[in-house]
Amino acid sequence: MAEYKGVLICGEVTEGRLESFSLELLGIGRKLADDLGQELGAVLLGSGIGDAAKEAILFGADKVYVVDDPLLKDYQTDSYTAVMEKVCKQLLPDILLLGQGAIGRDLAPRLAFRLGTGVTMDCIELAIDPETKLMVQTKPVYGGNALAVLVCEQTKPQIATIRVKAMAPLERDDSRTGEIISIPAELDPAAMRTKVLDKVKEEVVGIKLEDARVVVCGGRGIGGPEGFSQLEEVAKLLGGAVGATRPPCDSGWVAAHLQVGLTGKIVTPDVYVGIGLSGSSQHIAGISGAKNIIAINKDPEANIFRVAHYGAVGDYKKVLPTFIQKCTELLSG
Amino acid sequence: MNIIVCVKQVLDPELPPSAFKIDPEAKKAIAPRDRAPVISPFDENAVEAALRIKDAHGGTITTLCLGRDLDMAVVKKPLSMGADELVLLQDDAFEGSDSFATAYALATAIKKIGEFDLIFCGRQSADWDAGQVGSGIAELLGIPSVTPAQKIEIKDGKVVVERVVADGYEIVEVSPPALITVSNELGEPRYPTMKGIMVAKKKTATVWTAQDLGLDRSMIGASAAKSKMLKLFIPVREARCEFVAGETAEEFGANLALKLREAKLL
Ligand SMILES: Cc1cc2nc3c(=O)[nH]c(=O)nc-3n(C[C@H](O)[C@H](O)[C@H](O)COP(=O)(O)OP(=O)(O)OC[C@H]3O[C@@H](n4cnc5c(N)ncnc54)[C@H](O)[C@@H]3O)c2cc1C
Ligand SMILES: Nc1ncnc2c1ncn2[C@@H]1O[C@H](COP(=O)(O)O)[C@@H](O)[C@H]1O
């Protein structure tokens, strides 16, 4: 078997900038590479990558492989898989990391099948086993109710995708140096079987959920869109953003992109307030990085109280008005 | 349009976390006795997506399910919703199969079924939360895939898919044959009708074994798994919620605000 060596991360570039979770990939990639005593590479695919390659070095990469091609402007399964297949066969990385985002979650499994190797999706912890030197991968399963620890023993590269915000990026180090290497895409446009016709972006009013320091989430117990306007009020007061569990999104009370959880947004606010939601494992999966969890629910047995720091048991319709009133008072006083 | 929908039977993911149990030795979740399994929820969305296309354009829908201890009432649900055929892959040889082996068995079964325009899967199964098998089937069959979709329409023989991304969606066009995975944004799956349930009861499932499919034994089951599970465990959470004092809900509200101020969160 050819010798597989080093850690490679697949970064994502939007409008010439490295996505924030690519920095998280670089952070954990650096750690794994150091533990192995090997190099950390970053591969960047796109069109107009510009300074992102330099950025990747400042955040931990030793080498950055840039595949810059107009055909890579939009993510498409066929083109990205073909390029990554080529890159992996050329570089033979021991470990390949991707983000569990819109690109990684589609690309990683397809690429793993093509390369005939294993992949673990949505990992929250990665480490090198000191004896076997294999990557030990921890992944939530059953909606987050349990954690599975896995290793890929027989095949290379060992591929994992990483949950957004599960790992910390390194501090930017302007003194870091590295090498930038260009790799031609050599894509055959005829082999791209999908076409992106349009991209529709949801309007985000106010603070972005992912960036908010305060997140106020409502669940099925809110009962309808009217209830959510009260949550808006709380969010505004506390300088935060509104999120939701899946049922309010599915019922159209709020926009789908406000969903927080396993298959929605991952948030890491200082303060999270969960109102009229039970605290399903799939929702908790999206808030486990919240520093302080506050819950309002009429059911004292609700699971959310098992993870909350502060709780109020009662009908939110009665609890919220006095809460809002008191907060206003305290904030203005 | 002839559509194949892959559906998996899973433990009910809506089971309260406090009732979720595992067998750490066997590295498996324990099926609760008082709660029937379900079709993995995104797979029901996939069935719904197929039914919408059938409603608009006609065709047949075949559901395909690999698993053991299958509950016939559960796996027949898509039939009662309006799907036409049910194929079950059942064999002890599948025990311990990972995503690769599962995709290999499903892809081989799809070849045996023969004619199809589209294959739908759920975006991820509710037990393993992997989201791999769909892409795997597409790769093995050499067809394009789009994941995950919130809307699928047929226009002039092409498939127009709204693919869900973080802050919105992309509109992607692909020609059949293609594999598409479906997300909950598609909308609620329809309820089975009384008539549908009667029809489903009378239908018999086609059951195939590994041998019927001519599968390579070295590519299925636990020994073929690409990844080895070292451990399965339930993370410990300390219950330390501080409930605010008070007599009425109104008092709770005010006291909660005071508590947050005290904790310097406000
Ligand atoms: C694979 C998979 C992925 C999923 N991904 C996600 C995800 O990303 N995000 C997500 O949120 N869900 C997700 N889900 C769905 C998840 O399993 C739950 O169904 C969902 O989170 C439940 O939402 P809820 O807590 O709002 O509703 P419920 O569980 O119905 O809880 C409602 C709560 O409101 C309380 N309540 C009712 N009325 C009032 C009132 N007047 N005042 C105060 N409290 C009240 C009730 O006591 C109850 O606890 C996923 C499911 C699966 C299977
Ligand atoms: N055993 C199975 N039988 C039928 N379909 C399956 C099976 N396992 C996975 N699938 C399909 O593949 C999707 C993704 O599964 P997974 O990769 O396990 O998350 C599921 O939503 C199903 O549509």
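Residue numbering restarts at 1 for every chain, and letters A, B, ... go by the order of the sequence lines.
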Most chain A-contacting option - heavy-atom pairs closer than 4.5 Å, from Glu139(B), Glu170(B), Met229(B), Glu14(B) = Glu139(B)
What distance do Leu265(B) atom CG and Tyr310(A) atom OH have between them, rounded to the nearest 0.5 Å?
-> 6.0 Å
In a table with atom names and distances, give each donor-acceptor pair under 3.5 Å that connects a side chain of residues 38-49 of chain B to protein atoms at least two apart or in another chain.
residue  : atom : partner   : partner atom : Å
Ser40(B) : OG   : Ala126(B) : N            : 2.9
Asp43(B) : OD1  : Gly122(B) : N            : 3.3
Asp43(B) : OD2  : Lys8(B)   : N            : 2.8
Glu44(B) : OE1  : Lys77(B)  : NZ           : 3.3
Glu44(B) : OE2  : Lys77(B)  : NZ           : 2.9
Asn45(B) : ND2  : Gly187(B) : O            : 3.0
Glu48(B) : OE1  : Arg190(B) : N            : 2.8
Glu48(B) : OE1  : Arg190(B) : NE           : 2.9
Glu48(B) : OE2  : Arg52(B)  : NE           : 2.9
Glu48(B) : OE2  : Arg190(B) : NH2          : 3.1

Looking at Lys265(A) and Asp167(B), does any basic side-chain N land under 4.0 Å from a carboxylate oxygen?
-> yes
Measure the shortest side-chain to side-chain distance between Asn184(B) and Gln259(A) over non-hydrogen atoms and say whether it is less than 4.5 angstrom.
-> yes
Give, as side chain, backbone, both or neither, the part of Thr117(A) having an atom under 4.5 angstrom from any heavy atom of chain B.
-> backbone
Contact part of Gln76(A) toward chain B, heavy-atom cut-off under 4.5 Å: side chain, backbone, both or neither?
-> neither
Honestly, the part of Leu238(A) sitting under 4.5 Å from a heavy atom of chain B is side chain
Interface moiety of Leu260(B) toward chain A, non-hydrogen atoms closer than 4.5 Å = side chain
Show me the donor-acceptor pairs, under 3.5 Å and distance only, between side chains in residues 142-160 of chain B and residues at least two apart or in other chains.
residue   : atom : partner   : partner atom : Å
Ser145(B) : OG   : Arg110(A) : NH1          : 2.8
Thr147(B) : OG1  : Asp106(A) : OD1          : 2.6
Gln150(B) : NE2  : Glu162(B) : OE1          : 2.7

When heavy-atom pairs shorter than 4.5 Å are enumerated against chain A, which of Gly131(B), Gly134(B), Ala138(B), Pro16(B) gives the highest number?
-> Ala138(B)
Any Asp122(A) side-chain heavy atom under 4.5 Å of Asp129(B) side chain | no
Scored by heavy-atom pairs under 4.5 Å with chain A, the best of Leu266(B), Val133(B), Ile234(B), Val174(B) is Leu266(B)
Side chain, backbone, both or neither: which part of Lys208(A) has an atom under 4.5 Å from a heavy atom of chain B?
-> side chain
Where at least one partner belongs to residues 19-35 of chain B, residue pairs that pass side chain to side chain donor-acceptor pair (under 3.5 Å), sequence neighbours excluded = Asp12(B)-Arg35(B), Lys28(B)-Glu95(B)
Under 4.5 Å between any side-chain heavy atoms of His309(A) and Arg240(B), yes or no?
-> yes
Region of Lys259(B) in contact with chain A, defined by heavy-atom distances below 4.5 Å = side chain
Between Lys318(A) and Phe252(B), is there a donor-acceptor pair closer than 3.5 Å when you use the side chain of the first and the backbone of the second?
-> no
Chain B heavy atoms under 4.5 Å from Ile296(A): which part of the residue, side chain, backbone, both or neither?
-> side chain
Could you tell me which portion of Glu173(B) (side chain, backbone, both or neither) has an atom closer than 4.5 angstrom to a non-hydrogen atom of chain A?
-> both
Which bit of Pro17(B) comes within less than 4.5 Å of chain A, counting heavy atoms only: side chain, backbone, both or neither?
-> both
Proximal to chain A - members of residues 102-110 of chain B, heavy-atom separation under 4.5 Å = Ala103(B)
Turns out that what part of Asn303(A) lies under 4.5 Å from chain B's heavy atoms comes down to side chain
By a 4.5 Å heavy-atom criterion (distance strictly below it), what part of Phe243(B) contacts chain A: side chain, backbone, both, or neither?
-> both
